[in-house]
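A note on names: the letters A, B, ... follow the listed sequences, proteins ahead of strands, and every chain is numbered from 1. The structure displayed is predicted, hence computed values, not measured ones.
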Protein chains: 2
Amino acid sequence: MSKMDLNTEQAILEAAKQVFIQKGMDGARMQEIADKAGINKSLLHYYYRSKNKLFEAVFKEAFFKFIPNIMDLMNSELPLFEKIRLFAINYIDIINENPLMPVFIMHELNRDPAKVAEMIKSTGINPSKIIIQINEEVAKGEINPIDPFHLIVNLISMCIFPFVAQPILQYVIFNENSEVYAAFIEQRKREVPEFIINSIKKDKRS
Amino acid sequence: MSKMDLNTEQAILEAAKQVFIQKGMDGARMQEIADKAGINKSLLHYYYRSKNKLFEAVFKEAFFKFIPNIMDLMNSELPLFEKIRLFAINYIDIINENPLMPVFIMHELNRDPAKVAEMIKSTGINPSKIIIQINEEVAKGEINPIDPFHLIVNLISMCIFPFVAQPILQYVIFNENSEVYAAFIEQRKREVPEFIINSIKKDKRS
DNA sequence: GTCTATATCGGGATAGAC
DNA sequence: GTCTATCCCGATATAGAC
């Protein structure tokens, strides 16, 4: 594989990423990807045999960038509150680089649910460490009693959902002003962790 | 329009709802809708002139069922904590009837962002009442200081996101057992409001 | 490796009989 | 209102020249 090959192949993948993520597998057109990559349609088939193969390449890369990774943080040795704060900051940053990613992944997983198992099996996703940590904090009386799963889902929901629902929220809350919405999201890096910590920290109820 | 017309028309809309919501506009096939409705493909065009028209009918109905309505509750005279509890219960119930709805709506709005304005303008969505209420509670010192928008987005996120991410969460948390996941969602009708109220209720800090 | 030309097919839409 | 038959375009994919 020569140097030029790599460039073209990369250009295709980059273009494919943009188009697939914006339009989805079914809505994407090979012609549009070729145009965006500045090459001919048939070259797409030269590098990736079919639309489906190309899509798989894009989807896998997207999935592995967004779903795991952050798990390293979750399974680290940091104190719980620290983890929660870092998670919000890091994850919101990652999604900010590609705000359409969450809807894309969710839509495609739902289109082809068999993918979920296939994808996750090949990653080391395993939340057991953080779950144990939460249970221990509860047992030690350091935080209020809470089911670790609900806590984790709450955290993830509050970080990701504002991107998923961006079109509506942006319109309803800020009359379509996307800069203000971006600032709103930025605030959430602090707001979300404090909201959570405030909810679970001891010393409140009696 | 005879009685039989109505039945067929309803059958088509019902079939279209299922197919469109599951596959999206681009992934849906008129043939599949016709099959599911037990009629001929060309009858679809007799009742609705085009695929797009049919889609619009489905989407509008879906949107208006899911987005507003609940606003009545938000703008009622109930106490804040009461509202939060009722919102979680009612909204989770509504989505439970059609768990794919959120991803569907989000995906389609993103495909055609112009829809957002068009849709929302024709509804009376206006969260001002609840926002004032939250600000008042803060001013009176009844709850901890919080930006009403973040509070509302937190509430909505925690209710809807578990449906959006169901495929992944169900797999990671419960090894694909959908009954257990349904129970998990059911718990959230209580867990989410208590989590929120615990976070904002006074008497904790200082 | 990259292009042009073309095969092939699926799917939305229409015509027209009943 | 409902069906069958058909049109026709757009999109993936392949063949083959350069």
Validation: residues 22-30 of chain A side-chain donor-acceptor distances under 3.5 Å, sequence neighbours left out:
| unit_1 | atom_1 | unit_2 | atom_2 | d |
| --- | --- | --- | --- | --- |
| A:Lys23 | NZ | A:Glu32 | OE1 | 3.1 |
| A:Lys23 | NZ | A:Glu32 | OE2 | 3.4 |
| A:Arg29 | NH1 | A:Asp26 | O | 3.4 |

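- Nearest to the side chain of A:Ile39, among D:dT4, C:dC3, D:dT2, sits C:dC3.
- A:Ala34 comes within 4.0 angstrom of no nucleic acid atom, judged by non-hydrogen atoms across all strands.
- When rounded to the nearest whole Å, the span between NZ of B:Lys23 and P of C:dG12 equals 12 Å.
- A:Asn40 has its CG atom 15 Å from the P atom of D:dA13, to the nearest Å.
- Between B:Glu14 and B:Lys36 there is no salt bridge, since no side-chain N of the basic residue sits under 4.0 Å from a carboxylate O of the acidic one.
- Note on B:Tyr46: every side-chain N or O is 4.0 Å or more away from OP1 and OP2 of D:dC3.
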## Note on the structure
Once base and sugar-phosphate atoms are separated, protein heavy atoms under 4.0 Å mark nucleotides 13-18 of chain C, 5' to 3', with B, S and - as BB----
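- Ionic pairing of A:Lys65 and A:Glu61 is not present here: no N-O contact between side-chain nitrogen and carboxylate oxygen is shorter than 4.0 angstrom.
- D:dG10 atom C1' lies 14 Å from atom CG of B:Asp26, rounded to whole Å.
- Between the P atom of D:dT14 and the OH atom of A:Tyr48 lies a distance of 17 Å, rounded to the nearest Å.
- Under 4.0 Å is where a charged nitrogen must lie from a carboxylate oxygen, and between B:Lys115 and B:Glu108 no such pair does.
- The separation between A:Gln31 atom CD and C:dC3 atom P is 12 Å, rounded to whole Å.
- Side chains of A:Phe104 and B:Asn110 form no contact here, defined as non-hydrogen atoms less than 4.5 Å apart.
- If you measure from atom NZ of A:Lys53 to atom C1' of D:dT12, you get 14 Å, rounded to the nearest angstrom.
- Separating the OH atom of B:Tyr47 from the P atom of C:dG12 is a distance of 20 Å, rounded to the nearest angstrom.
- Side chains of B:Asn154 and A:Arg188: a donor-acceptor N/O pair is present below 3.5 angstrom, by distance only.
- As rounded to whole Å, 15 Å separates atom P of D:dG10 from atom CZ of B:Arg29.
- Taking the centre of each ring, B:Tyr48 and B:Phe55 stay at or above the 6.0 Å mark.
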